[in-house]
Protein chains: 2
Amino acid sequence: MEKYIPVLMKTRLFSGLGEEDIRAMLTCLQARLGTYKKGEYVLRQGERTGDIMVLAEGQLHIQRDDYWGNRSIINAVSPGDMFGEAYAAPESGPVQSDVLAVEDSAVIFFDVKRVITVCPSACRFHSIAVQNLFFAISEKNRRLVRKLGVMSRRTTREKLIAYLSEEAKSQGSSTFSIPFNRQQLADFLSVDRSAMSNELCRMRDEGLLEFEKNRFRLL
Amino acid sequence: MEKYIPVLMKTRLFSGLGEEDIRAMLTCLQARLGTYKKGEYVLRQGERTGDIMVLAEGQLHIQRDDYWGNRSIINAVSPGDMFGEAYAAPESGPVQSDVLAVEDSAVIFFDVKRVITVCPSACRFHSIAVQNLFFAISEKNRRLVRKLGVMSRRTTREKLIAYLSEEAKSQGSSTFSIPFNRQQLADFLSVDRSAMSNELCRMRDEGLLEFEKNRFRLL
DNA sequence: CATTTTCTGTTGTAAAAACAACCGACTTGT
DNA sequence: ACAAGTCGGTTGTTTTTACAACAGAAAATG
């Protein structure tokens, strides 16, 4: 777990805490480490969890598959990102999505109850972590609303523009990489892959953007 | 404000608290009341707020209008519902959506800082409220993901089925009302009104459901 | 009560997306 | 190095949606 402390320091959940503080918290919160090979599931729909998780290494997709095999990717999780916090509340039922490792990954688990309850030893970082958790969830909330904004676009082109603009903005550059290949991007935007591929090339021909693999540049 | 205490008692934010406790909290948190006529805006895109709000009476829509006048309704807010909590974090910028009163409404405002900071008088309900707030946000989070599930449906019919099923489930009956007229439902699902109206009637003719105005029954 | 406005359903047309099938380039694994 | 599989782009067809325009019913207004 030690080797992931630098990643944790950049996590919203631990922002404002130093290396030593985090080490103390890992113990205090009884953090556990899980590793997953590419293609393995961290969580499957219907399972229950009382954990908040942070991705330490690799790449995850949060997704749902319907009865007809149509896949819908809800979110991509990168190192330092937190997930599972929506199921923190005791009354929240089983998880409603799959969490798939799309690369070999390492995940750190924290028991929610230990995070939101003041610990017996009154560890002094605890209150900071609670507030961080709160801010992290509200940030996740805004992210979901932004995704709704993308999904509410009527045409594939508009969805692409909305998504790519957001990505450029959040990465602070008109040149950026996305955590998806074409099929995954289509599943993320809920459109047909071939139609999307078509649209992307048309936009490239019109001079709106350039791309190569999962690297894009908006013009 | 006194007359809205029964509503507040049913709010997730104050669950587990008695009438007296809530009265104490209203003071402790310096709650303010705002009233809005039908058609007025509680918040407009670009404004900043450090408040968490609870709808005491009436009906609100959280929505966005794009440059082309295309409206997208993100959520309907009913009495007892909380909103604005996503902008609780200090680093969250201005609000990204409009909050419109679709009926004459009353809204109670709470300063976020006062909620998440322990009050000087160490009011004993405070810690309960913080935990409730946390659970309420994570519940909102799950609701947003469910909406993403609806929006990720490819066809208008699938969106309708997904939305109406969720509504039936959450209202615990196959007969239920929705907080939208046809145009609003279309804006909520991001589809064309006439196409949706068409699809609804076709589904009715096929015996999938019945409806009259905003009242539906799934068969 | 008459008038205006809003709401809902209907129809026809044009645009867009889904679907299916295929191909060549590139990876992966053995 | 070869076979198998993945990935991205292309094309043609079918289905679905968006758009526009209209009409009757219901609701709101004065």
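So that the names make sense, note that chain A is the first sequence line, chain B the second, and so on, each numbered from 1.
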Applying side-chain contact (heavy atoms from CB on, under 4.5 Å), can you list everything that pairs with R215(B), at least two apart in sequence or on another chain? T175(B), S177(B)
N/O-N/O pairs, protein side and nucleotides 20-28 of chain C side, under 3.5 Å:
from	atom 1	to	atom 2	distance (Å)
dA20(C)	N6	S194(A)	OG	3.3

Pairs meeting criterion side-chain hydrogen bond (donor to acceptor under 3.5 Å, both in side chains) with involvement of residues 72-90 of chain A, two or more places apart: E85(A)-K140(A)
Would you mind reading off the distance between M196(A) atom CE and dA16(C) atom P, rounded to a whole angstrom? 18 Å
The nucleotide from dT10(C), dA18(C), dT11(C) with an atom nearest the side chain of N198(B) is dT11(C)
Could you tell me the separation between the CD atom of E199(B) and the P atom of dT10(C), rounded to a whole number of Å? 13 Å
Give me the residues of residues 154-163 of chain B where at least one heavy atom lies under 4.0 Å from an atom of DNA chain C, by number, or none. R154(B)
Going by ring-ring contact (aromatic ring centres under 6.0 Å, His included), name the residues that satisfy it together with Y163(A), two or more places apart in sequence or in a different chain. F188(A)
Toward the 5' end of DNA chain C, by each residue's nearest nucleotide, V191(A) or C201(B): C201(B)
Take atom CD in E206(B); do more than 12 heavy atoms of anything else shown fall under 6.0 Å from it? yes
Mind grabbing the angle between the end helix axes of the helix from dC1(C)-dG30(D) to dT30(C)-dA1(D)? Five pairs an end, 10° rounding. 60°
Short N-O contact, R154(A) and D192(B), less than 4.0 angstrom: no
Output all residues satisfying ring-ring contact (aromatic ring centres under 6.0 Å, His included) with Y41(A), sequence neighbours left out; order by chain, then residue number. none
Only pairs at least two apart or in different chains count here, so list each salt bridge (charged side-chain N to carboxylate O under 4.0 Å, His left out) that has a residue in residues 168-177 of chain A. none
N214(B) CG - dT6(C) P separation (whole Å): 19 Å
Rounding to an integer number of Å, can you tell me how far N70(A) CG sits from dA18(C) P? 10 Å
G80(B) backbone acceptor or donor facing T11(B) side chain under 3.5 Å: yes
Apply ring-ring contact (aromatic ring centres under 6.0 Å, His included) to F135(A) and list each qualifying residue two or more places apart in sequence or on a separate chain. none
Applying salt bridge (charged side-chain N to carboxylate O under 4.0 Å, His left out) to E19(B) and not counting sequence neighbours gives R23(B)
Considering only heavy atoms of chain A and a distance under 4.0 Å, specify the first and last nucleotide of DNA chain D in 5' to 3' order that meet this criterion. dC7(D) to dA18(D)
Using modelled atom types only, decide if a donor and an acceptor are shared between the side chain of R71(A) and the backbone of D187(A) within a distance under 3.5 Å. no
If you measure only the distance, is there a donor-acceptor pair under 3.5 Å linking the side chains of Q30(A) and R114(A)? yes
Listed partners of A76(A) passing side-chain contact (heavy atoms from CB on, under 4.5 Å), at least two apart: Q59(A), H61(A), P179(A), F180(A)
